[in-house]
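One structure is given here, and the rest of the page talks about it.
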Amino acid sequence: MKKDEVIRIRKLIQRYAYTSLQLHEAAARSMGLSGTDHKYLGFIMQKGEMTAGELATLTGLTTGAVTGLIDRFEKKKLVKRKFAKDDRRKVIIVPDPGKIKDLLEPVYNTFQNKSENLIASFNSEEQKILETYFTKAIELMNETKDRL
């Protein structure tokens, strides 16, 4: 592939990333959340119950920032805190999947359906190319993140 073609695709990927940030920020605002809180809520939904320390490690946030995050989610009744039976100093974050789903679904339902239709419009070979690109791009981002 020629250098100018690589640059054109790289710029398209950057535009995709920026547009994704804008979409998630707008979606978060419509739900009464900040863009970052909205994304961290996704981490919690994906992982399920976890300790505050695990959330700090997963997100890269300080324990103090995680405390504030949990406070904001608890205020909206999206999560609750419970103490570990073996160590009351350990706080376990328990998401309320029903409330989180009720918050997210109206915003993302149409977008998710259209995204799935878009993916389905590609043939198997094209889908494999997309999967390969995103898998390798995620690995590259994780490698870079881990070096920082």
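The basis for the numbers below is simple: all heavy atoms, side chains too, and nothing from hydrogens, waters or symmetry mates.
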Determine the minimum heavy-atom distance between Val91 and Phe83, stating which atoms define it.
-> CG2-CE2, 3.9 Å
Shortest non-hydrogen separation from Met31 to Val107 and the atoms involved = CG-CG2, 3.7 Å
Quick one: are Ser121 and Leu118 in side-chain contact, heavy atoms under 4.5 Å?
-> yes
Shortest non-hydrogen separation from Ala52 to Ile70 and the atoms involved = CB-CD1, 3.9 Å
Quick check: does any side chain N or O of Ser115 sit under 3.5 Å from a backbone N or O of Phe111, one acting as donor and the other as acceptor?
-> yes
Please assess Thr36 against Leu69 for the test side-chain contact (heavy atoms from CB on, under 4.5 Å), listing each intermediate value before the final yes or no.
-> CA-CA 10 Å; Thr36 52; Leu69 179 70; over 6 Å; no
Is there a donor-acceptor pair closer than 3.5 Å between any side-chain N or O of Arg88 and the backbone N or O of Ala84?
-> no
Under the 3.5 angstrom rule, does the side chain of Glu49 hit a backbone N or O of Pro95 as a donor-acceptor pair?
-> no
Is Glu105 reaching over with its side chain to a backbone N or O of Asp102, donor-acceptor style, under 3.5 angstrom?
-> no
Could you tell me which non-hydrogen atom of Ser34 sits nearest to which non-hydrogen atom of Ala28, and how far apart they are?
-> O-CB, 3.4 Å
Between CG of Leu78 and CG of Leu33, what distance do you get to the nearest 0.5 Å?
-> 7.0 Å
Spell out, as yes or no, whether a donor-acceptor pair under 3.5 Å connects the side chain of Ser30 to the backbone of Ala27.
-> yes
So does Asp71 pair up with Arg81, basic N to acidic O under 4.0 Å?
-> yes
Are the side chain of Gln127 and the backbone N or O of Ile119 linked by a donor-acceptor pair below 3.5 Å?
-> yes
Residue pair Tyr108, His38: steps toward the ring-ring contact (aromatic ring centres under 6.0 Å, His included) verdict = CA-CA 12 Å; Tyr108 281 110; His38 163 255; 5.6 Å; yes
